[in-house]
Amino acid sequence: MLDVDLKARVGDFEIEAAFRADAGITALFGPSGAGKTSLVNMLAGLEQPTQGRITVRGEVLFDGDQGIDLAPEQRRLGYVFQESRLFPHMTVAGNLSYGRRLVPEGIAKVDYDAVVDLLALEPLLKRRPRTLSGGERQRVAIGRAILAAPRLLLMDEPLANLDAPRRAEILPFIEELRREFDISIVYVSHNMDEIVRLADQLIVMSQGAVVAQGAVDEINARLDLRPLTGRWDAGAVLTTTVAEQDSRDRLTRLSFQGGDLWLPHVDMAIGSPLRIRVHARDVSLALTPPSGVSVLNVFAGEVIEVGQDDGPQVDVLIDIGSPQQTHLWARITKRSQRELDIVPGRKVHAMIKAMAVDRSGLG
Amino acid sequence: MLTPLEIEALSLSLKVALWAVACSLLPGIAIAWLLARREFPGKALLDGVVHLPLVLPPVALGYVLLVLFGRNGPVGAWLHDWFGIHMVFSWRGAALAAAVMAFPLLVRAVRLSMEAVDRRLETAARTLGARPLRVFLTITLPLTAPGILTGVLLAFIRCLGEFGATITFAANVPGETRTLPLALYTALQIPGGEAGATRLALISVALAIITLVASQYLAKQLSKRIGLS
């Protein structure tokens, strides 16, 4: 769908990126200064690569060899910026219809009411941007970009300027958007929790280069990317479905390939898909099936890999799935590792505290 | 209340100032845009030329206009031969002199206001499918409106007060180029004309104050309207 292969100079910094993004949400992840925003600006036509090629659904947006470089307004890529960039002299309604009026002849317009409904913008329509809260502004910016009927939506850290509650308020809208409008999104973020919740594919950038790309859970399971994907936040991604609601204990059962996981109540319908991230720091290991412990979630598995680390702790990769592999990370001290003789091939029991995977772990 | 002569000078002043500002508005915005948004060779020179009337003695500027736009001047002869328009001894000349003197004030106000427009809004508009001209008309220009208003009113006041360039270039013809300041000057030349001069001075002060107050008020209203404050 989106094919990128380009080189660029930004200041005294080289960007070299080749990747492919398919339908769905593709996350562009990396530490700040990795060149994510520059890369997205090049997709949008706001910065120029020195060479290479960018195509969307077969249409060439940039080709250094052929001298093709479409202007931003010809690319028809929606762009949601970190700072919403709403037009202050127009009402919310005026902002929303700005791009919609400019959709070229012959291209299907996006249903205005549907977007207003989905993003819950109805009460804001007559207001001016400066009277809106940060979260409301971002919702309007998203709506405005969608209504321009883009081929692809670029989102550059759209939630970075918002506090945690606002972020949690917007995330469902973005998920809903993808479902309702079947739009592909390139989502730039340095927040792995956000990415795990939203993205299908993950592209990891570091110092201007794409260092890895693949499915979100695969990339998260890779030990060699650990310095980039985060240490404290490291964790495995489980793709689950909501299986049962226990109203008495206010718990929810999620089923996945490795078994069942009990969590504090998750307000979702039974059968809904849910991707969660289990942080390595919340998983502990035992050699025998534990009894008399308060931990609800215990999985039998086998050690696959033990990470190398200079610190007092190590990360251990465990497979708890059968028949297919399902990965879980556990962070234990080096002393425990030595005393329990945790080496690849060792049978272990992984324990996850139910409280550990709370709402914040969900998004 | 006002004598016929005073009414004549006042209405002539208003006519000259209105024409001067109306005709310099579009070129003023264009040059402000060039200075605010473009890089080109000779930009510093253009900037200097635009600001020249602020630092040059008005009489010298009037003389330059006379050389260029006089009956025998290169532009003046051409205007006369092709359109039958003459500038000297005409209210048009007074308007031209006033326009040139007020131009830097207009350009400066518009330019400052345009420079303050967040360019990221302009790029956002491009990503929504707007070509540069549309971006200018729908984003840059409306957000510059308060600056344009300020510039227009400042230029207007400056035009009302123009004296040196006008008298040098367009001369002091009653009913044609004798604007308020020139009428005031003339009154002072006549023995016993002080009373008349005082009245004319008071009219000028009133006019300037009304325009300034209106400018402040309108600029505030406009800023509110376009959502800037």
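We name chains A, B, ... by the order of the sequence lines, and we start the count at 1 in each one.
A 6.0 Å sphere centred on NE2 of B/H86 holds no more than 12 heavy atoms belonging to other residues, nucleotides or ligands. Heavy-atom neighbours of B/R134 CZ from other residues, nucleotides or ligands within 6.0 Å: at or below the threshold of 12. Residue B/Y217 places its OH atom among 12 or fewer non-hydrogen atoms of other residues, nucleotides or ligands, all under 6.0 Å distant. A 6.0 Å sphere centred on OH of B/Y63 holds no more than 12 heavy atoms belonging to other residues, nucleotides or ligands. A/D182 CG: 12 or fewer foreign heavy atoms inside a 6.0 Å radius.
Atom CZ in B/R131 sits 6.5 Å away from atom CD in A/Q74 (nearest 0.5 Å). We find the CG-CG distance between A/L102 and B/L128 to be 7.5 Å, quoted to the nearest 0.5 Å. Atom-to-atom distance recorded for A/L154:CG and B/T127:OG1 is 8.5 Å, nearest 0.5 angstrom.
No side-chain heavy atom of A/M90 sits less than 4.5 Å from a side-chain heavy atom of B/P142.
At a 4.5 Å heavy-atom cutoff, A/L147 makes no contact with chain B through either its backbone or its side chain. For A/R144, the parts lying under 4.5 angstrom from a heavy atom of chain B are both the backbone and the side chain. Contacts of A/L77 with chain B are made by backbone atoms alone, with heavy-atom separations under 4.5 Å and no side-chain atom involved.
The stretch residues 105-126 of chain B places B/R120, B/L121, B/T123, B/A124, B/A125, B/R126 near chain A, each with some heavy atom under 4.5 Å from a heavy atom of that chain. By a heavy-atom distance cut of under 4.5 Å, A/A71, A/P72 are the residues of residues 58-72 of chain A near chain B, going up by number.
If you tally non-hydrogen atom pairs under 4.5 Å between each of A/H89, A/R101, A/R76 and chain B, the highest count goes to A/H89.
Residue B/T138 comes nearest to A/Y98 through the heavy atom pair OG1-OH, 2.6 Å, listed as atom of the first residue, atom of the second, then distance.
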